[in-house]
Enquirer: 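Can you read through this structure? Questions will come right after.
Chain letters run A, B, ... following the sequence lines, proteins first and then strands; every chain starts at 1. Note that the structure is predicted; figures quoted are calculated from it, not measured.
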Amino acid sequence: MEPALQINGKDLPLDGLAIQSVVGKWIGPLTRWPEFLKVFANKGYNMIHFTPLNHRGDSNSPYSIYNQLAFAPDLFEPGTTIEDQHVQMSEMTTKMEKEYGLLSLTDVVWNHTAENSDWLQDHPEAAYNLHNSPHLIAAYQLDTALLDFSSNLRHLGYPTTLNSVDDLLKIMEGIKTHVLGGLRLWEFYILDVITLASNALNHWKTGPYNERDFAKYDLSTMSLQEKAKLLSSLALRDADYLGDRYKKTLNLGYCASYLFRLFGKYKETNAIDAQKELTKVMNEINLPFYKEFDSDREAILENTFNRVKYVRLELKKGEINERYYNHFCFANGSSPLIETLFTRLPHNERTLRHPKGSLAVANNGWIWANNPLEDFAGPQSRAYLRREVIVWGDCVKLRYGRGPVRPIIILTYSHRTTTLGCGSI
Amino acid sequence: MTEYTRLMAGHFHGFRIDNCHSTPLHVGSYLLDVAREVRSDVYICAELFTGSEDMDVIFVSHLGISSLIREAMQAWGPQELSR
């Protein structure tokens with residue numbers, strides 16, 4: 001699309017643009033800009049691209065914005081209010097055009113915010129949290145277990161410095177035992193057979209249920225697979241995507257009706273056979289769910305192996321430390337075995353009022369060859385659980401929903417600045 | 001984000017949409033409407049790594065993007081820019 005560009009009222013074709021990028025956090029305060037602007041203008045540039053000039057989060061990356069409504073305090077005299085920042089920036093971009101013939105362009109960062117953004121504590125619902133996105137619960141529990149394992153490496157007798165693939169393979173065995181072994185992640189995929197069978201028997205006993213649901217099927221001649229398929233097609237509920245453990249369930253009325261078709265009305269004498277039958281058929285229904293879990297488990301192990309191998313052995317990032325690490329603060333040497341995919345917001349008086357699970361929020365990141373029209377943090381995606389996300393530890397992904405656009409809730413406050421954190425990039 | 005966008009459109013002549021490929025289309029459309037209310041001729045370029053020209057066209061035509069960012073340093077050869 002051809003834009004309608006003008007510099008001081010004079011038309012500029014798209015091909016006439018000559019853009020110089022400027023890293024906002026390195027150029028210094030606005031008072032020093034004119035000396036640089038003069039050079040850019042003399043070189044023949046006519047547009048300056050600024051990396052975000054907004055108030056940066058604690059990674060100090062310009063793309064991880066702490067407060068979208070304020071500019072970085074280091075661009076101004078100490079004590080400049082946010083209102084005055086805007087006045088001065090407006091004067092500056094006007095002056096750039098009028099005096100130097102330079103248009104200005106800024107990055108806009110719409111799909112994440114700095115992980116320490118103050119407003120997140122008031123609006124964790126703007127992120128993908130465990131309350132509004134229960135499909136992330138399993139991914140979060142895995143992530144937390146990986147971090148716990150990481151901080152116990154020494155105690156458990158595993159290497160804390162990786163020198164070879166052999167070291168990593170030892171750690172992968174540890175992940176199988178100490179992380180996946182204890183987590184029982186398959187419970188997120190399967191029916192709780194024991195509880196459901198018991199509830200179904202009870203329902204068969206007390207009713208009500210429709211005796212005709214299975215009337216047209218001759219269950220006695222059907223194979224176990226056929227019966228499982230039939231019962232599942234009628235009775236399976238809450239199976240569309242992952243949630244809490246044992247989220248998937250069967251409608252008890254159909255289960256009772258199924259038993260009625262096989263055994264007639266409930267009697268003490270047929271209860272044991274009925275329970276056996278239900279257990280068998282539910283285990284059969286669970287089979288593909290276990291297979292799904294097995295496939296995700298493979299992905300978890302493979303992605304974890306590849307990521308640690310890349311970061312620890314190919315990039316040589318050194319010793320595995322016990323503190324959570326930040327993507328952009330690698331240099332300070334504090335990093336667990338693998339990056340966390342989540343930000344844990346602080347528990348305090350402000351955050352107390354949010355529903356349970358709201359304070360664990362998904363970080364943003366990148367997935368190779370992902371379809372950009374699909375939301376990789378949405379319920380239909382298992383990218384966080386399978387650890388396919390190449391995470392940006394300093395950015396919390398914002399949750400806009402599927403549209404059409406609903407009002408976007410956040411950022412209607414005025415907040416004073418705090419000191420900036422660690423450096424680099 | 002609405003207010004942020006409004007403020008930035010007031011100060012700057014153009015936007016570079018960071019991570020346009022992971023910004024849902026309806027969000028980009030809405031926020032660009034906000035920006036164009038403030039500055040109707042705002043120049044739009046985007047970091048758009050979709051991996052395919054067809055997908056690029058969907059974003060470019062839907063959002064009204066004038067230029068795309070390409071990373072020559074990430075490309076696999078001199079005849080190719082990273083997509």
Enquirer: CG/L31(B) to CG/N111(A) distance, rounded to the nearest 0.5 angstrom?
Expert: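 Reported to 0.5 Å precision, the distance equals 10.5 Å.
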
Enquirer: Need one label for I17(B): side chain, backbone, both or neither, based on atoms under 4.5 Å from any heavy atom in chain A.
Expert: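 Answer is both: backbone and side chain atoms of I17(B) are under 4.5 Å from chain A.
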
Enquirer: Closest heavy-atom contact between A4(A) and D41(B)?
Expert: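 Reported closest heavy-atom pair: O-OD2, 3.4 Å.
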
Enquirer: Highest number of heavy-atom pairs under 4.5 Å with chain B: which of N371(A), V109(A), T93(A)?
Expert: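 That would be V109(A).
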
Enquirer: Looking at chain B, which one of L5(A), N364(A), L17(A) has the largest number of heavy-atom pairs inside 4.5 Å, strictly under?
Expert: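 Result: the option with the highest number of such pairs is L17(A).
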
Enquirer: One pair to check against side-chain contact (heavy atoms from CB on, under 4.5 Å): Y30(B) and Y400(A). What are the steps and the verdict?
Expert: CA-CA 11 Å; Y30(B) 169 78; Y400(A) 287 101; over 6 Å; no

Enquirer: For chain B, which of H86(A), Q6(A), H49(A) has the most heavy-atom pairs under 4.5 Å?
Expert: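 The option with the most such pairs is H86(A).
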
Enquirer: Given side chains that start at C-beta, do those of L373(A) and M55(B) come closer than 4.5 Å, heavy atoms only?
Expert: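 The answer is yes, as the side chains (C-beta and beyond) meet within the 4.5 Å cut-off.
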
Enquirer: Within the structure provided, determine whether L105(A) and F15(B) are in side-chain contact (heavy-atom separation under 4.5 Å).
Expert: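 Heavy-atom side-chain distance check fails, nothing below 4.5 Å.
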
Enquirer: Between F71(A) and H11(B), is the ring centroid distance below 6.0 Å?
Expert: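 Yes: the rings meet the under 6.0 Å criterion.
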
Enquirer: Quick check: do H112(A) and D18(B) have side-chain heavy atoms less than 4.5 Å from each other?
Expert: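 Result yes, sub-4.5 Å side-chain heavy-atom pair found.
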
Enquirer: Report yes if the side chains of V108(A) and T5(B) come closer than 4.5 Å at any heavy-atom pair, otherwise no.
Expert: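 The answer is no; the side chains never approach within 4.5 Å.
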
Enquirer: What pair of heavy atoms forms the shortest contact from Y4(B) to D107(A), and how long is it?
Expert: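 Heavy atoms only, the tightest pair is OH-O, 3.9 Å.
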
Enquirer: Could you tell me which non-hydrogen atom of G28(B) sits nearest to which non-hydrogen atom of W110(A), and how far apart they are?
Expert: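 Closest pair (atom of G28(B), atom of W110(A), distance): CA-CZ3, 4.1 Å.
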
Enquirer: Heavy-atom distance under 4.5 Å to chain B: side chain of L53(A), backbone, both or neither?
Expert: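 Contact with chain B is through the side chain of L53(A) alone.
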
Enquirer: Name the option with the most non-hydrogen atom pairs under 4.5 Å to chain B; the candidates are M96(A), E97(A), K397(A), E91(A).
Expert: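 Sorted descending by pairs with chain B, the first entry is E97(A).
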
Enquirer: Report yes if some heavy atom in the side chain of P24(B) is under 4.5 Å from a heavy atom in the side chain of D375(A); otherwise report no.
Expert: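 No, too far: nothing below the 4.5 Å cut-off.
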
Enquirer: Run the side-chain contact (heavy atoms from CB on, under 4.5 Å) check on L14(A) and Y43(B) step by step: do they pass?
Expert: CA-CA 9 Å; L14(A) 183 58; Y43(B) 164 63; 3.6 Å; yes

